[in-house]
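We name chains A, B, ... by the order of the sequence lines, and we start the count at 1 in each one. Since the model is a prediction, treat every value here as computed from it, not as a measurement.
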Amino acid sequence: MRYSKVLIPTLKENPSDAEVVSHRLLLRAGFIRKLTSGVYNYLPLGLAAIRKVERIVREEMNRAGAQELLMPMVQPADLWKESGRWEQYGPELLRFTDRHEHESCLGPTHEEVITDLVRREVHSYRDLPLNLYQIQTKFRDEIRPRFGLMRGREFVMKDAYSFDASDQDADVSYQAMRDAYHRIFSRCGLSFRAVEADTGSIGGSFSHEFMVLAATGEDTLVICQACSYAANMEKARVRPPAGGGDEPVLLALERVETPGKRKVEAVTEFLGISPQQLVKTMVYLVDGRLVAVLVRGDHEVQPVKLKNLLGAVEVELADDDRVFAVTGVPTGYLGPQGLAIEVVADQEVMAMRNFVIGANEKNFHLKNANVGRDFSVAQSADLRQVTEQDRCAVCGGQLELTRGIEVGHIFKLGDKYSRAMQATFQDSEGVEQPFVMGCYGIGVSRVVAAAIEQNHDEHGIIFPLPIAPVQVVILPLGAKEAAITTAAETLYEELGRQGIEVMLDDRDERPGVKFKDADLIGVPYRVTIGKRFVQEGLIECRRRRDGQTETLPMTGAAEHLAGLIRAELAALAVPGRV
RNA sequence: CGGGGCGUAGCGCAGCCUGGUUAGCGCGCCUGCCUUGGGAGCAGGAGGUCGGAGGUUCGAAUCCUCUCGCCCCGACCA
């Protein structure tokens with residue numbers, strides 16, 4: 001690859017509409033250009049990076065026994081109606097009607113299509129297990145596309161679907177994918193973590209998210225320092241409160257005036273107590289009805305846990321007006337006693353004694369409230385968000401909260417789709433059974449963005465070697481010197497022969513320009529051929545990541561560099577079960 | 001969807017409040033000279049329906065209305 005022949009429109013200045021690092025650098029380094037909101041052109045280098053990720057994904061998927069196919073982007077509404085998702089899926093699903101008035105949509109995912117294909121073509125347990133995948137462009141009409149490739153509307157995704165004859169077999173398929181994902185992200189040279197996750201709208205019984213660790217990540221992860229437990233905030237389990245100990249005397253309920261005190265902080269300060277002695281009553285709109293959730297004053301409700309407990313489709317905090325309309329109580333003074341709506345409680349609340357609650361009357365709270373005596377709850381469960389003060393639910397170890405970017409998500413689906421769409425096979429007894437499915441996604445284009453979020457400095461991108469668009473860039477400095485040009489050409493050819501992906505910066509530019517561009521686009525290794533070569537026959541090889549530099553003679557330089565690169569790649573391809 | 005902001009040369013911006021002749025600046029681009037180890041210098045040059053439509057006015061990038069596009073924040077703690 002010759003720099004002068006490739007479209008790499010680098011930018012000196014920061015584009016005004018790019019906020020996050022990866023977006024800014026992808027634009028500046030000439031990897032992408034925006035076509036319209038959330039939709040990007042991939043320029044040669046951007047595409048090269050994506051291809052590198054794709055290649056690793058393909059190799060590991062194939063190794064795990066999956067087969068590649070390609071499904072259409074346009075899908076008929078009929079299939080989505082069969083699965084029930086035509087109604088369930090929100091406006092993210094871009095729907096349209098073709099000239100024959102057939103309802104269609106752009107595929108945000110392919111469960112329906114693959115299930116349809118498999119039910120038509122696969123009929124026997126002898127054909128199982130089956131794992132099919134594709135790497136394809138997806139379209140999701142995001143509410144607010146942002147952050148460049150991080151949350152685009154159109155993006156490249158690898159999605160795989162497994163079909164098994166039994167639940168146990170499906171677990172094996174799931175585990176195989178989990179292992180494959182570990183290998184994939186390891187081989188990409190990324191620092192990542194697999195966490196327990198909620199299954200969300202895709203449904204199914206359990207799932208893991210693969211998170212690239214980066215301070216700028218949108219998601220918060222909970223990682224145990226002592227054991228292997230890791231989960232995202234939505235899912236992260238909280239240790240049940242330690243029971244036993246001295247049971248305090250239940251004090252008499254007492255109504256106290258708390259004029260104008262609505263927030264936990266205001267109430268507790270006014271009453272001279274700590275937030276741990278107060279229970280707040282949060283009201284949620286759960287599939288159209290109101291539900292009150294009790295959590296300790298210093299805790300926060302985790303809506304996804306609530307959603308799962310109630311088996312709800314949609315859960316959101318109810319607005320003040322609505323709460324007042326139904327309960328007749330202004331927010332801030334709500335309490336569980338005599339409340340006209342369903343009340344559920346976080347497990348922590350059940351262990352509390354003599355706490356403060358709202359009195360269901362403006363400007364009043366109740367002291368020394370107790371569950372059972374003063375009010376009852378319909379259900380209680382772990383409904384709150386973990387904090388760094390909590391201990392690991394599994395081993396009691398110290399928890400750490402850190403941020404990450406979701407790049408992969410695997411689900412065990414069970415028979416949700418196969419049952420809805422009547423996708424069955426005959427088992428060994430000749431009985432029709434629905435397939436047990438799993439689905440496994442990787443945001444390929446997002447991996448590139450996440451890699452940059454995780455690996456960059458003030459000069460630009462620092463690509464992990466395995467997914468860099470090119471591995472080595474050669475900078476001949478001084479176009480006038482025939483010796484330099486010749487040496488650069490020779491090295492370029494030799495590296496090519498060694499199977500190294502190399503770019504020759506053959507532009508007639510001043511050194512500074514070449515250095516800046518090489519840094520910006522993040523090429524892992526840079527070879528400079530300049531003055532020292534003319535004088536001493538030495539060239540300089542510098543590693544982008546840490547600036548480590550070695551000067552070496554031309555002879556053997558290509559082999560040496562190729563050796564370094566091969567060793568570095570091999571070191572990442574560690575693998576095996578997790 | 002709600003709130004805020006921005007659309008002026010390929011990119012980044014000024015000008016707009018307080019209307020007035022040829023609409024500026026930096027980067028980039030083209031030509032020439034010069035320069036060559038961290039985004040050089042000099043000289044010359046090309047490039048604009050000021051997002052679009054309508055209106056006010058003698059006169060609109062500037063004021064008004066509508067419209068399109070884009071960006072940011074929010075859509076969580078009583």
Between [N] and [M], how far apart are the two [atom1] atoms, rounded to whole Å?
{"N": "B:A75", "M": "B:A9", "atom1": "C1'", "answer": "39 Å"}
{"N": "B:G28", "M": "B:U21", "atom1": "P", "answer": "31 Å"}
{"N": "B:C33", "M": "B:C16", "atom1": "C1'", "answer": "41 Å"}
{"N": "B:G24", "M": "B:C30", "atom1": "P", "answer": "24 Å"}
{"N": "B:G69", "M": "B:U8", "atom1": "C1'", "answer": "15 Å"}
{"N": "B:C50", "M": "B:C25", "atom1": "C1'", "answer": "16 Å"}
{"N": "B:G15", "M": "B:U62", "atom1": "C1'", "answer": "9 Å"}
{"N": "B:A23", "M": "B:G37", "atom1": "C1'", "answer": "42 Å"}

Exercise for the section: Report, as yes or no, whether the 6.0 Å neighbourhood of atom NZ on A:K138 holds more than 12 heavy atoms from other residues, nucleotides or ligands. Expected result: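 It does: A:K138 NZ has more than 12 such atoms within range.
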
Per the atom types in the model, does the base of [N] pair as donor or acceptor with the side chain of [X] at under 3.5 Å?
{"X": "A:R144", "N": "B:G3", "answer": "no"}
{"X": "A:R526", "N": "B:G37", "answer": "no"}
{"X": "A:E13", "N": "B:G26", "answer": "yes"}
{"X": "A:D517", "N": "B:G39", "answer": "yes"}

Which nucleotide in the set [options] lies at the smallest distance from any side-chain heavy atom of [X]?
{"X": "A:K12", "options": "B:C27, B:G37, B:G74", "result": "B:C27"}
{"X": "A:T36", "options": "B:C70, B:C76, B:G37", "result": "B:C70"}
{"X": "A:P511", "options": "B:U36, B:G39, B:A75", "result": "B:U36"}
{"X": "A:D17", "options": "B:C76, B:C71, B:G38", "result": "B:C71"}
{"X": "A:Y284", "options": "B:C70, B:G37, B:C77", "result": "B:C77"}
{"X": "A:V513", "options": "B:G37, B:C77, B:G39", "result": "B:G39"}
{"X": "A:T10", "options": "B:C76, B:G39, B:G37", "result": "B:G39"}
{"X": "A:L520", "options": "B:G39, B:C77, B:U36", "result": "B:G39"}

Check whether any side-chain nitrogen or oxygen of [X] sits under 4.0 Å from OP1 or OP2 of [N], and answer yes or no.
{"X": "A:S37", "N": "B:C71", "result": "yes"}
{"X": "A:R510", "N": "B:U35", "result": "no"}
{"X": "A:K531", "N": "B:G37", "result": "yes"}
{"X": "A:S16", "N": "B:C13", "result": "yes"}
{"X": "A:K34", "N": "B:C71", "result": "yes"}

Give [X] one of three labels, base, sugar-phosphate or nothing, depending on what nucleic acid heavy atoms sit under 4.0 Å from its own.
{"X": "A:K280", "answer": "base"}
{"X": "A:E509", "answer": "base"}
{"X": "A:R28", "answer": "base"}
{"X": "A:A318", "answer": "base"}
{"X": "A:D519", "answer": "base"}
{"X": "A:V295", "answer": "nothing"}
{"X": "A:L475", "answer": "nothing"}

Handout entry: Residue of the set A:V502, A:V472, A:L504 for which side-chain contact (heavy atoms from CB on, under 4.5 Å) holds with A:V527
Key =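 Going through the options one by one, the only one that passes is A:V472.
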
Please find the pair of heavy atoms, one from [X] and one from [Y], that lie closest to each other, and give the distance.
{"X": "A:L251", "Y": "A:N354", "value": "N-OD1, 2.9 Å"}
{"X": "A:E342", "Y": "A:V344", "value": "OE2-CG1, 3.9 Å"}
{"X": "A:M352", "Y": "A:N370", "value": "O-OD1, 4.2 Å"}

Problem - Test side chain to side chain donor-acceptor pair (under 3.5 Å) applied to A:R384 and A:E300, A:E348, A:Q347, the passing residue - result: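 The option that passes is A:E348.
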
Handout entry: Side chain A:Y42, main chain A:A49, donor-acceptor under 3.5 Å
Key =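 Between the backbone of A:A49 and the side chain of A:Y42 there is no qualifying donor-acceptor contact (under 3.5 Å).
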
